[in-house]
Number of protein chains: 2
Amino acid sequence: MLRLSKLTDYAVVVLARLEDAEDGGVLTAPGLAARTGLAEPTVSKVLKILAQRGLVEGRRGATGGYRLTRPLADMPLTEVITAIDGPIALTACVDNSSGLCDAEATCPVRGRWDPVNDAIRRALSGISIADLAHAPAVVPHPEPAAARQAVYAAAE
Amino acid sequence: MLRLSKLTDYAVVVLARLEDAEDGGVLTAPGLAARTGLAEPTVSKVLKILAQRGLVEGRRGATGGYRLTRPLADMPLTEVITAIDGPIALTACVDNSSGLCDAEATCPVRGRWDPVNDAIRRALSGISIADLAHAPAVVPHPEPAAARQAVYAAAE
DNA sequence: GCAATCCGGACCTGTCTGGTCCTGTTTGCA
DNA sequence: TGCAAACAGGACCAGACAGGTCCGGATTGC
């Protein structure tokens, strides 16, 4: 499924909201949680990670909050994915970290995922967060909470 | 981390070995397990999935076994990934399956991962299993079992 | 001094993957 | 015709990991 972690998705949402902020672009974690509809601890967690990677800037104190360090257009998607999920690579048996593959001794594919990973990195490198954030339209949803429950139930 | 399941990795290994087979290209699951160094039940599991998707052909009976349905060069990587891991998509809140995203009502990114997924699919579509299987060289490993244990231990 | 906020952890829990096993069913051969 | 070899299709279990929560401490403005 090529699963990306949910946190990465959240990060994009949070960054998008952050760019829309007034007051010099500063927003608190609770404020962002309210605007995104995500749980406050989760938003806080995402922001902490982003701050460590230099994507946002945290300011402590009574009038503190988070602020973007640069416009989303200058923020490649790869940087956010790397910040949250770590290096962009398809499997564990990759990038010279020899020994992680169970069938290493007889594996004819060993080291051969590299071109695949490169292809993916290239594909993603041209996309910025702004490309994702500035969506033209959001599909409207009649009954958010109710519909969500229904789909969750139907999913399994 | 963009993690791909290990089974997909195994599938590529198994397919590569299968192409090298003599005897009309037919190999049994135990035989493939021996040649790949993977556990027999695991190999069997992978082969069953691949057979369901039409990538290999299973033949029952005393002289049965598995055989490729076509050359690896004609087998795109995306097909194997899709067979093992399901549709190629970066997150759960993707491809019109509305309702899976927690912050759907306020999510400004909703539906916007599609171009990202398209980019990845395009990047992968040009790669065949043969490109992965025909590796130029395998990094030799001095003491397979012992070294593997050591690395596993050091990893955590 | 107090309140609001970020910071850096630890911690728990549910889910999912990897891996195993078991019971049919099919096929070839003696 | 019986037997053995092999696939088919499940169920099942244990471990790892991600999502999510919470807490104590540090910092800043009023």
Side-chain angles (χ1 to χ4, degrees), chain A residues 1-11 13-14 18 23 26-34 36-54 56-67 81 84-86 91-93 100-103 152 155-156, chain B residues 1-11 13-14 18 21 23 26-34 36-67 81 84-86 91-93 100-103 152 155-156:
Chain A
M1 210 175 340
L2 271 188
R3 265 232 316 271
L4 204 59
S5 81
K6 279 190 182 180
L7 285 192
T8 304
D9 198 9
Y10 296 161
V13 176
V14 165
L18 205 45
D23 304 329
V26 175
L27 275 178
T28 67
L32 273 169
T36 56
L38 300 171
E40 194 263 323
T42 301
V43 171
S44 183
K45 188 177 194 172
V46 169
L47 285 168
K48 276 184 271 189
I49 298 174
L50 294 177
Q52 283 179 339
R53 307 295 172 158
V56 303
E57 196 179 41
R59 181 178 174 81
R60 292 183 170 186
T63 60
Y66 287 96
R67 177 174 56 179
I81 294 177
I84 306 282
D85 281 343
T91 77
C93 91
L100 289 174
C101 175
D102 277 4
Y152 267 119
E156 204 66 3
Chain B
M1 211 173 336
L2 273 187
R3 264 235 316 273
L4 205 58
S5 82
K6 278 190 182 180
L7 284 192
T8 303
D9 198 10
Y10 295 162
V13 176
V14 166
L18 206 44
D23 303 329
V26 175
L27 276 179
T28 67
L32 273 169
T36 57
L38 300 171
E40 194 263 325
T42 302
V43 171
S44 183
K45 187 177 194 173
V46 169
L47 285 168
K48 277 184 270 189
I49 298 174
L50 294 177
Q52 283 178 341
R53 307 294 173 158
L55 297 178
V56 303
E57 195 178 42
R59 180 179 174 80
R60 292 184 171 188
T63 60
Y66 288 97
R67 176 174 56 179
I81 294 177
I84 305 282
D85 281 342
T91 75
C93 90
L100 288 176
C101 176
D102 277 4
Y152 268 119
E156 205 68 358

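To find a chain, count down the sequence lines: A is the first, B the second, and so on, and within it residues start at 1. Values in this document were obtained by computation on a predicted structure and should not be read as measured data.
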Each nucleotide N or O in nucleotides 1-3 of chain C that has a protein N or O under 3.5 Å away: list the pair and distance.
none

[X] versus [Y], closest heavy-atom pair with distance:
| X | Y | answer |
| --- | --- | --- |
| A:A51 | A:Y66 | CB-CE2, 4.2 Å |
| A:V26 | A:G64 | CG1-O, 3.9 Å |
| B:L50 | B:A11 | CD1-CB, 4.2 Å |

Distance check needed: [N] [atom2] versus [X] [atom1], whole Å only.
| X | N | atom1 | atom2 | value |
| --- | --- | --- | --- | --- |
| A:D9 | D:dG20 | CG | C1' | 16 Å |
| A:E40 | D:dG20 | CD | C1' | 12 Å |
| A:K6 | C:dC16 | NZ | P | 9 Å |
| A:I49 | C:dC6 | CD1 | C1' | 15 Å |
| A:L27 | C:dA4 | CG | P | 18 Å |

(message) Could you measure the distance from the CD1 atom of B:I84 to the NZ atom of B:K6? Nearest 0.5 Å is fine.
(response) 14.5 Å
(message) Please report the end-to-end axis angle for the helix from C:dG1-D:dC30 to C:dA30-D:dT1, five pairs per end, rounded to 10 degrees.
(response) 10°
(request) List in chain and number order the residues that pass side-chain contact (heavy atoms from CB on, under 4.5 Å) with B:P30, two or more places apart in sequence or in another chain; answer none if no residue qualifies. (result) B:T28, B:E40
(message) Once salt bridge (Lys or Arg N to Asp or Glu O under 4.0 Å) is applied, what residue pairs with a partner in residues 49-63 of chain B remain, sequence neighbours excluded?
(response) B:E57-B:R67
(message) Just N and O in the side chain of B:T63: are any of them under 4.0 Å from OP1 or OP2 of D:dA6?
(response) no
(message) Please determine whether a side-chain nitrogen or oxygen atom of A:Y10 lies at a distance below 4.0 Å from atom OP1 or OP2 of D:dG19.
(response) no
(message) If the test is side chain to side chain contact (heavy atoms under 4.5 Å, CB included), which one of A:V14, A:T36, A:L7, A:L47 qualifies with A:T42?
(response) A:L7
(message) Holding to side chain to side chain donor-acceptor pair (under 3.5 Å), I want the full list of residues that pass it with A:T8, two or more places apart in sequence or in another chain.
(response) A:S5, A:D85
(message) Can you work out whether A:A29 or B:T42 has the more 5'-proximal nearest nucleotide on DNA chain C?
(response) A:A29
(request) Sugar-phosphate means primed atoms, P, OP1 and OP2; the rest is base. With that split, encode nucleotides 8-14 of chain D 5' to 3' as B, S or - using protein heavy atoms under 4.0 Å. (result) SBB----
